[in-house]
Amino acid sequence: MNDTLLQLEHVNQLYGTGERRFTAVEDINLSLSTGEFVALLGPSGCGKSTLLRIIAGLQEPSQGKVIYRGQPLRGVNPHASIVFQTFALFPWLSVIENVELALKVKGVAAQLRTSQSEDLLDRVGLDGFESAYPRELSGGMRQKVGFARAMAVEPELLCLDEPFSALDVLSAESLRGELLELWTEGKIPTKAILMVSHNIEEAVFMADRIVVMDKEPGRIIAEHKIDLPHPRQRRSPEFQAQVDLVYATLAGQTRTEKEELGTAPGEAGRTRQLPEVAISDLAGLLEHLDESDKPAHDIYVLEDELGIDPDHLLRLSETAELLGFASIAKGDIELTPLGQTFAEASILARKEIFAARARRLPMMRWLLNMLRSAEKQQLKWNVIEMALSLEFPPERATSQIETLISWGRYAELLAYEDDAETISLEPEPGRARIVNGGQIG
């Protein structure tokens, strides 16, 4: 029976104070045993990286316990190492010096550091590059140095924070295979691996267990055991069935209109954030669905057909669902009659359809009402940002305003003056807009 390495008990992470208090992760309960490769999977903003930092002891949770080998974690976890998505190498040090630094911090004697570093670099396939500097290496090779440095301290728990996301497709694929080889063949001393990812296929390819998270706030919604032998074949029906299952969990199922739309800022209930997508990308998805003879499409198949990131695809699907252009069930997406009309409409007709749907969104309705009540029907960016900061963390408030402006401009509901940082209401058809006591239009 495997030993339990790590336990999270009712972990919450909150930021801010008073009214501006936000929950990043909520009531997380998770365990990790020796011999396990576990993937934390979920959309951007669900708190995956926050959890990883808590587990590594780089930040303390607001509430709850982190227990490592039966003992509460205090401070930095000495048994864990993290590989970040950015390479995080010291550019003025050579490859071997970057690895030796980790051994020096560990207290390894100077005469042993070089031989141990050479062994680690050999294991990750960098023999012969010891004297090279990071600038001379490809992205994949730099990340291999990061792996070697992380493994230099011989961690029981290796934490990976989207370690392949900054690499090109081929480099990422190669490095995934090489890491799996080191892990499955016992060539590294690590007892367990915990990987943060938003790439569904990557998680199914590598992990023994997938912990699925959702956002607003970040929380665990499901766990999937992947009982497929390594090496896994991506085109096998069994592999694709697992990918489809995880997509179905993340995409969810279209609910009632009231549940889908949520509430406006300041109202009781959950404020539904707008997905951060470009309307041109949404139109591309709807056109692709409309051109097919099939009524419903597996969302995971669309990832390959469209050649886009799974996180982006889920945001596009969420947007289509939110606007009433598509419905989602069991990992399948299907155009509604309105979505089909939008896909086949002219440019101007699309704008009118989108405007009608956008006005229904509580977030957009809230902003339009604020502008109608404002002097000259315009507001400064910072005024809207201050109002939204009661609902969201600062960076989320900023991204929501950017999305509101982008969608509002497309729908010809809003105008934005970048120099003055002013958002204003576009006049409705047939109505004049009041400016400085006079009229235009």
Side-chain angles (χ1 to χ4, degrees), residues 216 254-267 269-287 289-290 312-328 333 335-374 377-379 381 383-385 387-388 391-392 396-418 422-431 433 441:
E216 301 176 33
T254 302
R255 299 166 292 179
T256 65
E257 182 175 85
K258 185 176 180 181
E259 290 172 322
E260 284 294 338
L261 293 178
T263 62
E267 296 178 354
R270 182 176 70 94
T271 301
R272 178 69 184 266
Q273 296 180 40
L274 300 182
E276 297 166 28
V277 301
I279 303 305
S280 57
D281 291 348
L282 173 65
L285 170 65
L286 299 178
E287 288 168 6
L289 296 176
D290 185 52
H312 189 198
L313 176 57
L314 285 170
R315 290 199 304 273
L316 287 172
S317 302
E318 179 187 359
T319 306
E321 183 183 42
L322 183 62
L323 292 166
F325 293 156
S327 61
I328 295 172
I333 184 169
L335 280 182
T336 62
L338 182 63
Q340 184 177 2
T341 300
F342 180 91
E344 297 173 0
S346 66
I347 293 173
L348 292 179
R350 282 185 177 184
K351 283 178 172 284
E352 291 177 4
I353 294 169
F354 187 86
R357 303 306 290 178
R359 286 191 189 96
R360 297 169 55 259
L361 302 178
M363 183 74 76
M364 184 67 77
R365 189 178 69 242
W366 168 81
L367 179 56
L368 293 175
N369 287 338
M370 284 185 66
L371 290 169
R372 289 189 187 104
S373 302
Q377 297 186 332
Q378 59 183 221
L379 289 168
W381 173 296
V383 173
I384 299 167
E385 188 173 43
L388 283 180
E391 299 276 341
F392 308 116
R396 196 68 54 78
T398 299
S399 65
Q400 284 297 288
I401 296 174
E402 290 171 346
T403 302
L404 281 164
I405 290 172
S406 175
W407 290 18
R409 278 175 154 176
Y410 175 80
E412 298 183 13
L413 298 173
L414 303 174
Y416 179 63
E417 181 61 48
D418 187 57
T422 300
I423 302 170
S424 57
L425 196 65
E426 286 280 16
E428 295 181 17
R431 291 182 60 185
R433 178 177 167 194

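Note that these values count all heavy atoms, side chains included, but never hydrogens, waters or copies made by symmetry.
- For Trp381, the ring pair (Phe, Tyr, Trp, His ring centres under 6.0 Å) partners at least two apart in sequence or on another chain are Tyr416.
- For Arg360, the side-chain hydrogen bond (donor to acceptor under 3.5 Å, both in side chains) test picks out Glu257, with sequence neighbours left out.
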Can you check side-chain contact (heavy atoms from CB on, under 4.5 Å) on Ile333 and Phe325, steps first, answer last?
-> CA-CA 10 Å; Ile333 184 169; Phe325 293 156; over 6 Å; no
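- Shown here for Ser424 and Gln378, the closest heavy-atom pair between the two residues is CB-CB, 3.6 Å.
- Taking 4.5 Å as the limit, some side-chain heavy atom of Leu414 sits within range of a side-chain heavy atom of Leu368.
- Partners of Phe354 by ring pair (Phe, Tyr, Trp, His ring centres under 6.0 Å), not counting sequence neighbours, listed by chain and number: Trp407, Tyr410.
- When each of Ile353, Leu335, Thr336 is checked for a side-chain contact (heavy atoms from CB on, under 4.5 Å) with Phe342, only Ile353 meets the rule.
- Across Ala320 and Leu286, no two heavy atoms sit closer than the pair CB-CD2, 4.2 Å.
- For Arg357 (side chain) and Leu323 (main-chain N/O), a donor-acceptor pair under 3.5 Å exists by modelled atom type.
- Residues Pro362 and Pro265 come closest through the heavy atom pair O-CD, 4.5 Å.
- The distance from atom CD of Glu391 to atom OG1 of Thr263, rounded to the nearest 0.5 Å, is 7.0 Å.
- Proximity of Ile423 to Leu404: side-chain heavy atoms (C-beta onward) are nowhere separated by under 4.5 Å.
- Taken from CG in Asp290 to CG in Leu285, the straight-line distance is 11.0 Å, to the nearest 0.5 Å.
- With hydrogens and angles disregarded, no donor-acceptor distance shorter than 3.5 Å links the side chain of Thr422 to the backbone of Leu379.
- Across all their heavy atoms, Ala397 and Phe392 have their closest contact at N-CB, 3.9 Å.
- Panel note: side chain Arg350, backbone Ala343; a donor-acceptor pair is recorded below 3.5 Å.
- With sequence neighbours left out, Ser406 forms a side-chain hydrogen bond (donor to acceptor under 3.5 Å, both in side chains) with no residue at all.
- Remark: Glu318 pairs with Arg272, Pro275 by the side chain to side chain contact (heavy atoms under 4.5 Å, CB included) rule, at least two apart or across chains.
- Considering CD1 of Ile401 and CG of Leu367, their distance stands at 8.5 Å, rounded to 0.5 Å.
- Across all non-hydrogen atoms, the minimal contact from Ala264 to Arg365 is CB-NH2, 4.2 Å.
- Between Lys351 and Glu412, the shortest heavy-atom contact is CD-OE2, 3.6 Å.
- Rounding to the nearest 0.5 angstrom, the gap separating the CD atom in Glu352 from the CD1 atom in Ile347 is 12.5 Å.
- Separating the CD atom in Gln400 from the CG atom in Leu388 is a distance of 7.0 Å, to the nearest 0.5 Å.
- How far OG1 of Thr398 is from CD1 of Ile384: 11.5 Å, rounded to the nearest 0.5 Å.
- Every side-chain hydrogen bond (donor to acceptor under 3.5 Å, both in side chains) that Glu276 has, sequence neighbours left out, goes to Ser399.
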